[in-house]
Amino acid sequence: MSVLNLETVQLKRADGVAWIVLNRPDALNAWTPQLGEELIRALDAAAADRDVRAIVLTGAGRAFSSGADLKADRGLGANGSPDVLTPLREVYNPLILRVRTLPKPVIAAVNGPAVGIGCSLALAADLVVAAESAYFLLAFVNIGLGLDGGASQTLTARVGHARAFEIAYLGERIPAAKALTWGLVNEVVEGSELESRVSELASRLAAGPPGSYANIKRTINDRAYAGFEELLDFEAVLQQERAESQDFVEGVLSFMQQRPPRFTGD
């Protein structure tokens, strides 16, 4: 078994279960390209390990993930606008696609806030177990963006069109209890019990028939997630359009300055 040299992600393997931990707790596990790339490496290692039969995604510290790190340096496109298309196509979308298509059960253990692309990652898992203190927030609209990370499809598949539009348009926190009522998650437990409950569930899956799980995932994907790869790229193209807008500039500035945004439609 090869040893991965990871800085922003932890990979722990034991008793048939791989725990993949987003490990930037001081930044509430905010996403950077490095974190995305290391998540891919960890997922690939878990997928290739025959002894691993179930995978858990979780966050270190008090957050699952606060979303994209808006303070991180951003590459610029040819027109001088932020380049979101390249990292989406090269890192984030391949990662989300792996979660949805690798032939092993994937559980998201949401230990705290799951925001933006962090929320998209949780929604891409097969099963979602959340701590009572967790919440889900697709905050893209709050900074003048659309959805990405496959959330257009994973969200709709979980809660239906009416709730999907409500969550995406309003950009409000969905507390764990409401997320359970709406069908966004499978189970909610006390924070102190999250690790033990997810360990119990993952161990049960690891002891089950891997071929059955693989085929179940393939057939559900075939119906609920048809065209998912194309949707990921469509989201990315539209997100780049938004990144070139003045509303996105205003959205980021208002976030950094902790004030309400003033969107103009430009």
Side-chain angles (χ1 to χ4, degrees), residues 8-10 19-36 38-39 42 56-72 92 95-96 99 106-152 154-155 158-159 163-164 166-195 197-198 251-252 254-261:
T8 63
V9 172
Q10 292 179 347
W19 285 73
I20 298 176
V21 184
L22 285 68
N23 191 34
R24 298 188 69 218
D26 292 342
L28 299 180
N29 302 318
W31 282 46
T32 62
Q34 180 185 5
L35 183 141
E38 292 187 354
L39 278 172
V56 177
L57 301 172
T58 195
R62 59 189 180 91
F64 182 78
S65 172
S66 59
D69 191 340
L70 296 181
K71 298 179 181 179
Y92 299 155
L95 166 62
I96 297 294
V99 173
V106 179
I107 305 168
V110 181
N111 54 305
V115 180
I117 188 66
C119 184
S120 297
L121 176 65
L123 297 181
D126 303 324
L127 299 171
V128 182
V129 181
E132 286 180 337
S133 61
Y135 65 82
F136 299 81
L137 173 58
L138 287 169
F140 299 103
V141 71
N142 298 332
I143 56 170
L145 292 176
L147 298 178
D148 64 30
S152 305
T154 56
L155 179 64
R158 287 180 177 275
V159 302
R163 294 296 193 198
E166 181 176 350
I167 292 169
Y169 275 177
L170 300 185
E172 297 176 344
R173 294 183 181 186
I174 308 299
K178 181 183 285 189
L180 180 63
T181 300
W182 284 8
L184 200 63
V185 305
N186 298 90
E187 190 173 345
V188 174
V189 299
E190 291 185 12
S192 61
E193 299 176 359
L194 180 65
E195 184 174 349
R197 173 58 185 140
V198 172
V252 173
S254 66
F255 174 81
M256 301 294 286
Q257 296 170 0
Q258 298 184 331
R259 60 169 174 80

At what distance, to the nearest 0.5 angstrom, does [atom1] of [X] lie from [atom2] of [Y]?
| X | Y | atom1 | atom2 | answer |
| --- | --- | --- | --- | --- |
| Leu35 | Tyr92 | CG | OH | 7.5 Å |
| Leu145 | Phe140 | CG | CZ | 7.5 Å |
| Ser120 | Ile96 | OG | CD1 | 6.0 Å |
| Ile167 | Leu184 | CD1 | CG | 5.5 Å |
| Leu137 | Ser66 | CG | OG | 10.5 Å |
| Leu138 | Glu166 | CG | CD | 12.5 Å |

For [X] and [Y], work out which heavy atoms get closest and say how close.
| X | Y | answer |
| --- | --- | --- |
| Ala134 | Val110 | CB-O, 3.6 Å |
| Trp31 | Gly118 | NE1-CA, 4.0 Å |
| Thr58 | Phe64 | CA-CE1, 3.7 Å |
| Val159 | Ala164 | CG2-N, 3.6 Å |
| Leu95 | Gly36 | CD2-O, 4.3 Å |
| Leu57 | Val99 | CD1-CG2, 4.3 Å |

Without swapping roles, check the side chain of [X] against the backbone of [Y] for a donor-acceptor pair under 3.5 Å.
| X | Y | result |
| --- | --- | --- |
| Thr181 | Ala177 | yes |
| Arg24 | Ala30 | yes |
| Asn29 | Ala60 | yes |

Under the side-chain contact (heavy atoms from CB on, under 4.5 Å) rule, what do Val56 and Val198 come out as? Steps first, then yes or no, please. CA-CA 8 Å; Val56 177; Val198 172; 3.7 Å; yes
Sorted by chain and residue number, the salt bridge (charged side-chain N to carboxylate O under 4.0 Å, His left out) partners of Arg158 (sequence neighbours excluded) come out as none
Does Arg62 have any salt bridge (charged side-chain N to carboxylate O under 4.0 Å, His left out) partners at least two apart in sequence or in another chain, and if so, which?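 In terms of salt bridge (charged side-chain N to carboxylate O under 4.0 Å, His left out), with neighbours along the sequence ignored, Arg62 is linked to no residue.
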* Is the count of non-hydrogen atoms from other residues, nucleotides or ligands lying under 6.0 Å from Arg197 atom CZ greater than 12? ->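 Yes.
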Would you mind reporting whether [Y] and [X] have side-chain heavy atoms less than 4.5 Å apart?
| X | Y | answer |
| --- | --- | --- |
| Leu39 | Ile20 | yes |
| Trp182 | Ile174 | yes |
| Tyr135 | Glu172 | no |

Tell me, please, which residues at least two apart from [X] pass side-chain contact (heavy atoms from CB on, under 4.5 Å).
| X | answer |
| --- | --- |
| Ala131 | Ser133, Leu194 |
| Gln34 | Glu7, Thr8, Thr32, Glu38 |
| Ser254 | Glu250, Arg259, Pro261 |

Residue pairs meeting salt bridge (charged side-chain N to carboxylate O under 4.0 Å, His left out), one or both in residues 124-133, sequence neighbours left out, come to Arg100-Asp126, Asp126-Lys217
